[in-house]
Colleague: 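Supplied in structure tokens, the structure appears directly below.
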Amino acid sequence: MRIEFLRERLESLGAKPGHVRRILAAWLAARPLDAGARRQPAEHCLPRALREALPALAHEWANLACLRSRHPGGDGSARLLVGLADGQTVESVLLPRDGVCISTQVGCAVGCAFCMTGKSGLLRQLGSAEIVAQLVLARSLRPVKKVVFMGMGEPAHNLDAVLEAIALMGSEGGIAHKNLVLSTVGDRRVFDRLPHAPVKPALALSLHTTDPALRRQLLPKAPAIEPAELVALGEDYARACGYPIQYQWTLLAGVNDGDADIDRIADWLEGKYAMMNFIPFNPVDGSPFRRPSPERLVEVVARLRRRRIVACLRDSAGQDVDGGCGQLRARSLADGAA
Ligand code: SF4
């Protein structure tokens, strides 16, 4: 389901470009689709056929992403299990401080060794309207001023739909462009296309290590780009869009939390327009990985800060509720099968 189809549908009912913008803006604000219509001068009134079709359209669009279950976390976040029109499910997360994390695919083909979503492989792409509908659902529950594309899926593998959704969120959706954060494991299509996109999102790059061989083990199906080159590409984009690159590094005890790896990334990021988010691994049953000790987490961050690099620890939001991305969906499928 593409945003373009929603536009065409409205036009087929007689909507002029201004009407289309107004209705889409009302949808993205989680207001009734005819919100504000009564205040419009007569010449801007919606055609009758369109007015009469709006309740059915509102119902149809609400089904693009509907709430299956909500799981509040102790940190002010809430994990949402979101049902799609074909019965598939994805996860969104309401983040503290007016953010939402949304999904771009059902499953994911990258298969990161530490990620539950990657275990199922890719089941299907989300359409651009389904991606936007997760923001609408979140806004029906609380205000949202920031959208991060870090839920299920690799946005680079569904880039047309993701960029369409970003363009709408950054225009009719009223989200500041720097508050749209596209997360990727690093893909040349992202670096080629983002600098030319009408709405340039901020970029989060999942690096996880500076060691090329280890990165191939941890992210077996990520594009073959050396970590050092990823940092160079990230720096170019940061300078082009005007926001720092946010590097992501899931910390795995004894795997990628050693001094050599951490000092090398500090060498690479010194003086760069970048910040580092370290995400301590959230242990799950059956995983061979462990979370570093609290003392080690503090030391890892301190090693970068001593080099004047902005670095912080970020637990995955709502990690007390079925942990990281994909675990809520996996649990619901297991419950359904039981
Ligand atoms: Fe895909 Fe992201 Fe999970 Fe890796 S961490 S498998 S890119 S969803």
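No hydrogens, no waters, no symmetry mates; every other heavy atom, side chains included, goes into these values. Each ligand, and each atom within it, is numbered from 1 in the order the structure gives. Residues: numbered from 1 along the sequence shown.
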Colleague: Just by distance, with hydrogens left out, do E154 and T184 show a side-chain donor and acceptor under 3.5 Å apart?
Modeller: yes
Colleague: Under a plain distance cut-off of 3.5 Å, with no hydrogens placed, do S77 and D75 share a side-chain donor-acceptor pair?
Modeller: yes
Colleague: I'd like to check which ligand 1 atoms, numbered from 1 as shown, lie under 4.0 Å from a non-hydrogen atom of G111.
Modeller: 6 (S)
Colleague: Does any N, O or S atom in C115 come within less than 2.8 Å of atom 4 (Fe) of ligand 1?
Modeller: no
Colleague: As an exercise, identify every atom of ligand 1 less than 4.0 angstrom from a heavy atom of G153.
Modeller: 8 (S)
Colleague: Could I get the full list of side chain to side chain contact (heavy atoms under 4.5 Å, CB included) partners for N277, not counting sequence neighbours?
Modeller: Q246, Q248, M275, C312, R314
Colleague: Using the side chain to side chain contact (heavy atoms under 4.5 Å, CB included) criterion, which residues pair with R189? Sequence neighbours excluded.
Modeller: H157, L159, D187
Colleague: For ligand 1, which atoms have a heavy atom of C108 less than 4.0 angstrom away?
Modeller: 1 (Fe), 6 (S), 7 (S), 8 (S)
